[in-house]
A.B. asks: 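What follows is a single structure, and I will ask about it in a moment.
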Amino acid sequence: MLQGILLIALFACASFYIGEARLLKEISFSPMIIGIILGMLYANSLRNNLPDTWVPGIQFCSKKILRLGIILYGFRLTFQDVVNVGVSGIVIDAIIVATTILGGIWIGRLLKMDRDTALLTSVGSGICGAAAVLGAESTIRTQPYKTAVAVATVVIFGTISMFFYPIAYRSGWLDLSPQEMGIYSGATLHEVAHAVGAGNAMGTEISNVAIIVKMIRVMLLVPVLLILGFWVARRNSAENTSAEKGKVNIPWFAVGFLAVIGFNSFDLLPAAFVDAINYFDTFLLTMAMAALGAETSIDKFKKAGAKPFILAFCLDLWLIGGGYILAKHLAPLWL
């Protein structure tokens with residue numbers, strides 16, 4: 001297994017190195033996104049020429065390392081940040097998460113999609129991209145290729161939106177104040193990296209608000225995963241599956257994530273130490289993304305078909321349009 005872990009660590013190192021390119025730094029192209037791209041290139045080229053004994057190490061990175069990365073992600077947020085952004089960011093985040101997940105499940109039924117794929121895609125679009133997809137996958141225990149397809153959809157449409165938002169804002173297409181634009185970006189962009197990238201392209205005033213609002217959305221992953229755990233247990237009982245499968249799956253890594261946020265809120269650690277933890281955490285998440293990409297071959301995309309991408313496109317339209325309406329008309333009520 002060690003060889004597989006070292007291979008993914010090498011991909012993560014390469015992702016950080018490539019991410020230092022000036023063009024990529026200017027658009028805040030995250031090492032995590034570079035990592036999944038490198039992993040996908042590997043999956044569709046060299047994967048079949050390497051020993052199968054490396055696969056457990058790759059899977060370890062895409063599951064265990066990912067969960068550790070999500071827990072440590074809590075060091076990027078404090079409960080004080082939640083208070084500072086105000087009621088508007090919290091309310092809009094809750095509306096976006098609830099409507100995107102429930103709407104995605106409904107659209108998935110209309111498209112006659114696989115239930116788990118529709119759920120994973122909706123959770124990824126509604127909360128925090130790949131991390132949310134993997135968190136949901138750990139809770140509902142579905143096939144790996146469905147997870148890979150869902151992650152691909154949120155990475156693709158999230159990246160497109162990351163470039164679109166700054167262009168639309170600078171062009172005057174979005175009639176929003178900097179505070180409203182920050183709320184809009186944080187509440188609707190898929191990945192944290194997307195919110196950071198788009199925010200940096202529009203200025204510090206927008207970026208600071210966008211990141212906090214986005215991190216509040218990340219916090220909502222905890223209750224969503226808990227609800228999913230109870231839903232899966234109820235579904236399995238209704239389908240007369242075994243008692244073991246019918247047990248509630250509590251996502252302890254999500255509880256750990258919330259506990260770390262609480263610890264970080266007391267500001268007990270030096271800022272330099274927290275920065276080091278966050279850098280290490282980004283490396284762990286980059287490893288997880290590279291490992292996920294390494295299990296994403298073209299054949300798996302063909303097996304899933306076009307429906308997940310149609311669903312993700314519909315959800316992206318909702319995030320862009322619905323999010324704008326909420327930021328324009330609802331956010332000013334509490335600003």
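Everything numeric in this text was worked out from a predicted model, so none of it was measured.
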A.B. asks: Return the minimal non-hydrogen interatomic distance between Ala294 and Ile58, and the atom names on each side.
C.D. replies: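 So the minimum-distance heavy-atom pair works out to CB-CG2, 4.0 Å.
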
A.B. asks: Centroid separation under 6.0 Å, is that true for the rings of Tyr184 and Tyr165?
C.D. replies: yes

A.B. asks: For a 4.5 angstrom cut-off between non-hydrogen side-chain atoms, does Arg76 reach Asp281?
C.D. replies: yes

A.B. asks: Where do Lys146 and Leu120 land on the side-chain contact (heavy atoms from CB on, under 4.5 Å) test, with the steps shown first?
C.D. replies: CA-CA 8 Å; Lys146 296 179 183 179; Leu120 292 174; 4.3 Å; yes

A.B. asks: Looking at Tyr17, I'd like to know if its OH atom is crowded, meaning that more than 12 non-hydrogen atoms belonging to other residues, nucleotides or ligands lie closer than 6.0 Å.
C.D. replies: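 For Tyr17, atom OH is not crowded (no more than 12 foreign heavy atoms under 6.0 Å).
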
A.B. asks: Mind listing the closest non-hydrogen atom pair of Ala327 and Pro332 along with its distance?
C.D. replies: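 Distance-wise, the nearest heavy atoms are O-CD, 3.5 Å.
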
A.B. asks: Are Phe11 and Leu2 in one and the same hydrophobic cluster, where Ile, Leu, Val, Met, Phe, Trp and Tyr link if side-chain heavy atoms are under 4.5 Å apart?
C.D. replies: no

A.B. asks: Do Val91 and Ile101 belong together in a cluster built from hydrophobic side chains that touch within less than 4.5 Å?
C.D. replies: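 Val91 and Ile101: one cluster.
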
A.B. asks: Heavy atoms, side chains only, cut-off 4.5 Å: are Leu284 and Leu72 in contact?
C.D. replies: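 Result yes, sub-4.5 Å side-chain heavy-atom pair found.
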
A.B. asks: Give a yes or no on whether the backbone of Ala150 and the side-chain of Thr153 come within a donor-acceptor separation of less than 3.5 Å.
C.D. replies: yes

A.B. asks: So, for Gly104 and Ser122, which heavy atoms are closest and what is the spacing to 0.1 Å?
C.D. replies: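 Looking at all heavy atoms of both residues, the shortest contact is CA-OG, 3.1 Å.
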
A.B. asks: To check you understand the geometry: which heavy-atom pair defines the closest contact between Ile183 and Ser88, and what is its length?
C.D. replies: CD1-OG, 3.5 Å

A.B. asks: Spell out, as yes or no, whether a donor-acceptor pair under 3.5 Å connects the side chain of Ser265 to the backbone of Phe79.
C.D. replies: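 Yes; at least one donor-acceptor contact below 3.5 Å.
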
A.B. asks: Please assess Leu119 against Leu228 for the test side-chain contact (heavy atoms from CB on, under 4.5 Å), listing each intermediate value before the final yes or no.
C.D. replies: CA-CA 10 Å; Leu119 176 61; Leu228 277 181; 3.6 Å; yes

A.B. asks: Does a side-chain heavy-atom distance below 4.5 Å link Met219 with Ile90?
C.D. replies: no

A.B. asks: Report the C-alpha separation of Asp316 and Ser161 in whole Å, then their side-chain angles, then the decisive distance to 0.1 Å, and conclude whether the side chain to side chain donor-acceptor pair (under 3.5 Å) test is met.
C.D. replies: CA-CA 8 Å; Asp316 199 35; Ser161 296; 3.1 Å; yes

A.B. asks: With heavy-atom distances below 4.5 Å as the criterion, would you say the side chains of Lys112 and Lys307 are in contact?
C.D. replies: yes

A.B. asks: Give a yes or no on whether the ring-centroid distance for Tyr279 and Phe16 is below 6.0 angstrom.
C.D. replies: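 Ring-ring flag for Tyr279/Phe16: true, centres closer than 6.0 Å.
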
A.B. asks: Once you round to the nearest 0.5 Å, how far does CD of Gln80 lie from CD1 of Ile212?
C.D. replies: 11.0 Å

A.B. asks: Between Trp318 and Thr99, which heavy-atom pair has the shortest distance, and what is it?
C.D. replies: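 Scanning both residues, the minimum pair turns out to be CZ2-OG1, 3.2 Å.
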
A.B. asks: Applying side-chain contact (heavy atoms from CB on, under 4.5 Å) to Met287 and Ser15, what does each step give before you reach the verdict?
C.D. replies: CA-CA 9 Å; Met287 286 183 65; Ser15 300; over 6 Å; no

A.B. asks: Give, for atom CZ of Phe75 and atom CG of Asn278, the distance between the pair rounded to the nearest 0.5 Å.
C.D. replies: 8.0 Å

A.B. asks: Do His190 and Phe157 touch side chain to side chain, with heavy atoms closer than 4.5 Å?
C.D. replies: yes

A.B. asks: Taking all non-hydrogen atoms of both residues, which atom of Lys214 and which atom of Cys128 are closest, and how far apart?
C.D. replies: NZ-CA, 3.6 Å

A.B. asks: Go through the steps for Val123 and Val133 under the test side-chain contact (heavy atoms from CB on, under 4.5 Å), then give the verdict.
C.D. replies: CA-CA 6 Å; Val123 169; Val133 173; 5.8 Å; no

A.B. asks: In terms of hydrophobic clustering (I, L, V, M, F, W, Y; side-chain heavy atoms under 4.5 Å; direct or indirect links), are Trp106 and Ile96 co-clustered?
C.D. replies: no

A.B. asks: As a test of understanding, state which of Leu111, Ile105, Ile107 forms a side-chain contact (heavy atoms from CB on, under 4.5 Å) with Arg109.
C.D. replies: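 Of all the options given, the one that passes is Ile105.
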
A.B. asks: Compare all side-chain heavy atoms of Phe309 with those of Thr121 and state whether any distance is below 4.5 angstrom.
C.D. replies: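 Phe309 does not reach Thr121 side chain to side chain.
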
A.B. asks: Roughly how far apart are Phe60 CZ and Ile5 CD1, rounded to 0.5 Å?
C.D. replies: 5.0 Å

A.B. asks: Roughly how far apart are Lys328 NZ and Ile325 CD1, rounded to 0.5 Å?
C.D. replies: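 Atom-to-atom, Lys328:NZ and Ile325:CD1 are 12.0 Å apart.
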
A.B. asks: Should Ile92 and Tyr324 be counted in the same cluster of Ile, Leu, Val, Met, Phe, Trp and Tyr side chains packed under 4.5 Å apart?
C.D. replies: no

A.B. asks: Hey, does Ile95 have a side-chain heavy atom less than 4.5 Å from the side chain of Leu330?
C.D. replies: yes

A.B. asks: Would you compute the distance between atom CD1 of Ile206 and atom CD of Glu180 and round it to the nearest 0.5 angstrom?
C.D. replies: 10.5 Å

A.B. asks: If I take atom CZ from residue Arg217 and atom OG1 from residue Thr188, how far apart are they, to the nearest 0.5 angstrom?
C.D. replies: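 OG1 of Thr188 is found 6.5 Å from CZ of Arg217.
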
A.B. asks: So do the side chains of Pro270 and Val274 get within less than 4.5 Å of each other, counting heavy atoms only?
C.D. replies: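 Side chain of Pro270 against side chain of Val274, heavy atoms only: no contact under 4.5 Å found.
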
A.B. asks: Given the rule that I, L, V, M, F, W and Y join up when any side-chain heavy atoms are under 4.5 Å apart, are Phe163 and Met181 in one cluster?
C.D. replies: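 No: no chain of side-chain contacts under 4.5 Å links Phe163 to Met181.
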
